[in-house]
There are 4 protein chains.
Amino acid sequence: MEFKSQQAIYIQIADHICEKILRNEYQSDEKILSIRELAIDVSVNPNTVARTYEYLEEQGIIYKQRGIGYFVAKDAITKILLLKKECFFREDLPWLFKNMRLLGIEFSELQEKYTRSTDI
Amino acid sequence: MEFKSQQAIYIQIADHICEKILRNEYQSDEKILSIRELAIDVSVNPNTVARTYEYLEEQGIIYKQRGIGYFVAKDAITKILLLKKECFFREDLPWLFKNMRLLGIEFSELQEKYTRSTDI
Amino acid sequence: MEFKSQQAIYIQIADHICEKILRNEYQSDEKILSIRELAIDVSVNPNTVARTYEYLEEQGIIYKQRGIGYFVAKDAITKILLLKKECFFREDLPWLFKNMRLLGIEFSELQEKYTRSTDI
Amino acid sequence: MEFKSQQAIYIQIADHICEKILRNEYQSDEKILSIRELAIDVSVNPNTVARTYEYLEEQGIIYKQRGIGYFVAKDAITKILLLKKECFFREDLPWLFKNMRLLGIEFSELQEKYTRSTDI
DNA sequence: GTGGTCTAGACCACC
DNA sequence: GTGGTCTAGACCACA
């Protein structure tokens, strides 16, 4: 796994897990990798993964069972969508539109790029 | 001037100056506020503004004259647009599209929000 | 470490590090002293070393890993040589030759001094 | 007149005057431009030229007559040569040689550049 | 532990 | 007046 330097690694790992959940690669109540396993998997310090799990747990996306591990919450997808959409419409979109106007980018240009982009 | 806590203040000041230039509130070769003046103006430490100016100078957006002050570079607008557009199309847009698909947001919804938004 | 008063300390520290790299005292991807360690080592304020590292990072000579430290870039030697040679041939040498002619110094005199000098 | 940003303008002006003297464009006891004239000539603040003249006077290269102006000292050429040569052999050459060895530049390369350079 | 940022205040060279 | 540099010390996020 490659990390951008501009964003905290623990956040990037969290996003990665959220995307997996959204793509149904994890089922509800499915056990996810242990902190140590994931740490080795993505080559970071276990503390960093612990931080990720703590962060996801705060948001109710995963839950832990002491001595066993971390599990995907039942309504994880709902919660992720709620959180991300809220942020998307409140922060990301206004910022996007402001930049478009400042940079003189037409909406039609956006549409063209969108239809052409197929990577998910 | 209000600052968000998530981003470095010196960057926010730099962005603010760039936006002013893009809006033609500064002419080419026009002298901008001195470090101390701007520091008082936005209520930060002069060192912080110095960091902003140093940062903008690196990018060729402003230049300095010894003992006189900082000035807007001739092709400042061009440079800002180049930098911001490059980042916009390389990073911001792909990220936007990826999120839209993950969150199940239709493009038509985007268009609606755009036409309704008028803040610049 | 002794500093000349005429040049910024953070630049002198940077030059010192570059020379170490050129002399192969540092390997590629080797971790260099932390900001605080080097600050104590050369008896300056940590901020000054931070400035040095930031300066070297801009030039691609070192890179950083969040929360871990700074490391020597893979092609650090190449980059240093490129930067220094470019400056040497573009600025230093013409200035040298101009001065020699102005001061009436023969090239043979230069050669004699060179062969006699052994300090590196 | 064009100025490099890296060196103080008053020093660059002083060097320029010294070179003129070395090229015999000024005679002994010849009056040089007044502070205001030269300031207009090279487009700088008169204070800066005043600083230049003060600097040259300290070194005995020019002298002033109150109310009349500044004049080239009798032994100006001798003094300039003395100062510059001393600096050249004590500071510039050792620094040059050190850099050559660090950068792996052969002396023969220097010789070639020298014979080819004809600009004075 | 690491680096990043900010403040406060100082001194300097330069214009 | 201008910017440049340095110190001291603080707080923060991150690994």
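Throughout, protein chains are lettered first and strands after them, A, B, ... in sequence-line order, and every chain is numbered starting at 1. Keep in mind that this is a model prediction, so the values were computed, not measured.
In the 5' to 3' direction, nucleotides of DNA chain E lying under 4.0 Å from heavy atoms of chain C begin and end at E:dG1 to E:dC6.
Heavy atoms of C:Arg36 sit under 4.0 angstrom from at least one base atom. Residue A:Val44 is classed as having no contact, given no heavy-atom separation below 4.0 Å to the nucleic acid.
Along DNA chain E, the nucleotide closest to B:Arg51 and the one closest to C:Gly67 are compared, and the more 5′ of them pairs with C:Gly67. Toward the 5′ end of DNA chain F lies the nearest nucleotide of B:Lys31, the other residue of the pair B:Lys31 and C:Asn45 mapping further downstream.
Ion pairing of A:Asp15 with A:Lys84 is present here, as a side-chain N (NZ or NE/NH1/NH2) and a carboxylate O approach within less than 4.0 Å. At a threshold of 4.0 Å, the pair C:Lys98-D:Glu19 counts as salt-bridged, since one of the basic side-chain nitrogens sits closer than that to a carboxylate oxygen. Between A:Lys20 and A:Glu30 there is no salt bridge, since no side-chain nitrogen of the basic residue lies less than 4.0 Å from a carboxylate oxygen of the acidic one.
If you take CD1 of B:Ile9 and P of F:dA13, they are 14 Å apart, rounded to a whole angstrom.
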Would you mind writing out the side-chain donor-acceptor pairs for residues 56-71 of chain D within the sub-3.5 Å range, not counting sequence neighbours?
from    : atom 1 : to      : atom 2 : distance (Å)
D:Gln59 : NE2    : D:Tyr55 : OH     : 3.1
D:Tyr63 : OH     : D:Asp29 : OD1    : 2.6

Donor-acceptor contacts, no H, no angles, side chain residues 34-46 of chain B, under 3.5 Å, sequence neighbours left out:
from    : atom 1 : to      : atom 2 : distance (Å)
B:Ser34 : OG     : B:Glu37 : N      : 3.1
B:Glu37 : OE1    : B:Ser34 : N      : 2.9
B:Asn45 : OD1    : B:Asn47 : N      : 2.8

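With sequence neighbours excluded, the residues satisfying salt bridge (charged side-chain N to carboxylate O under 4.0 Å, His left out) with A:Arg90 are A:Glu86.
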Secondary-structure string, 5' to 3', Watson-Crick or G-U under 3.5 Å, | for another-strand partners, for DNA chain E
||||||||||||||.
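The stretch residues 55-64 of chain D has no heavy atom under 4.0 angstrom from DNA chain F at all.
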